[in-house]
Amino acid sequence: MPIIRVGTAQRMLLNPNPRRKRLLIIFQSSQIDAGNTGQVFVGFGHQPQSTVSDPAAGYPIKQSDAIIKPEAGEKLADIFKQAVWAVSDAATQSLIVEEELEPEVPATT
């Protein structure tokens with residue numbers, strides 16, 4: 001599970017990928033990473049802003065929160081296949097980021 005550090009400048013977590021079928025972003029608890037005291041804003045297809053009231057803030061998450069897409073029994077929406085960005089309102093927050101991809105379909109000749 002890759003741990004990615006996010007600060008007060010926008011950072012791309014994942015490149016766009018049309019084969020993405022599952023996405024997991026966990027904002028680690030401050031019991032694991034004592035520095036995780038801020039809030040992280042996650043944007044899909046856009047660079048989020050680190051202000052709650054900003055329409056471009058994206059999905060705000062706090063320590064121990066997670067973004068898990070898709071919900072059980074659903075297919076991943078196209079928006080979550082776009083580039084995934086994050087920004088924090090505090091320096092050096094740690095996230096666990098995972099994606100699962102559809103298998104590549106071999107080209108037929």
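- Residues meeting the salt bridge (charged side-chain N to carboxylate O under 4.0 Å, His left out) test with E100, sequence neighbours left out: K21.
- For E71 against K69, the heavy-atom pair with the smallest separation is OE2-NZ, 4.1 Å.
- Here S64 contributes atom OG and F27 contributes atom CZ; the two are 9.0 Å apart, rounded to the nearest 0.5 Å.
- Legend: residues meeting side chain to side chain contact (heavy atoms under 4.5 Å, CB included) with E104, ordered by chain and number and at least two apart, are R19.
- Pairs engaging residues 7-26 under the ring pair (Phe, Tyr, Trp, His ring centres under 6.0 Å) rule: none recorded [sequence neighbours left out].
- V84 pairs in a side-chain contact (heavy atoms from CB on, under 4.5 Å) with only one of the listed residues (I67, L13, N15), which is L13.
- Judged by distance alone, with hydrogens and angles left aside, the side-chain atoms of R20 form a donor-acceptor pair with the main-chain N or O of Q82 at under 3.5 Å.
- Side-chain contact between Q49 and V87 is absent, with no heavy-atom pair separated by less than 4.5 Å.
- Residue A90 comes nearest to G38 through the heavy atom pair CB-CA, 4.0 Å, listed as atom of the first residue, atom of the second, then distance.
- Applying the ring pair (Phe, Tyr, Trp, His ring centres under 6.0 Å) test to every pair with at least one member in residues 78-98, sequence neighbours left out, gives these pairs: F44-F80.
- Residues P48 and G43 share a closest heavy-atom pair of CG-N, 3.6 Å.
- Panel note: side chain Q93, backbone G35; a donor-acceptor pair is recorded below 3.5 Å.
- Between S30 and Q63, the shortest heavy-atom distance links the atoms N-OE1, 2.7 Å.
- There is no side-chain donor-acceptor pair under 3.5 Å between N36 and S29.
- A continuous path of ILVMFWY side-chain contacts below 4.5 Å connects V6 to V42, so both sit in one hydrophobic cluster.
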Checklist entry - Would V40 and L95 satisfy side chain to side chain contact (heavy atoms under 4.5 Å, CB included), going step by step from the backbone distance to the final call? => result CA-CA 9 Å; V40 172; L95 303 172; 4.1 Å; yes
Report all side-chain donor-acceptor pairs from residues 51-61 shorter than 3.5 Å, counting only partners two or more places apart or in another chain.
from	atom 1	to	atom 2	distance (Å)
D54	OD1	A56	N	2.7

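- S50 and D89 share no donor-acceptor pair across their side chains, judged by distance under 3.5 Å alone.
- By the side chain to side chain contact (heavy atoms under 4.5 Å, CB included) test, I68 pairs with L24, A66, sequence neighbours left out.
- Side-chain atoms of I4 and R11, non-hydrogen and from C-beta on, do get closer than 4.5 Å to each other.
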Item to check | Test log, rule salt bridge (charged side-chain N to carboxylate O under 4.0 Å, His left out), inputs R5 and D33 | outcome: CA-CA 11 Å; R5 304 260 180 213; D33 184 341; 2.6 Å; yes
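- How far CG of L76 is from CD of E102: 9.0 Å, rounded to the nearest 0.5 Å.
- Not a single donor-acceptor pair under 3.5 Å links the side chain of S94 to the backbone N or O of Q28.
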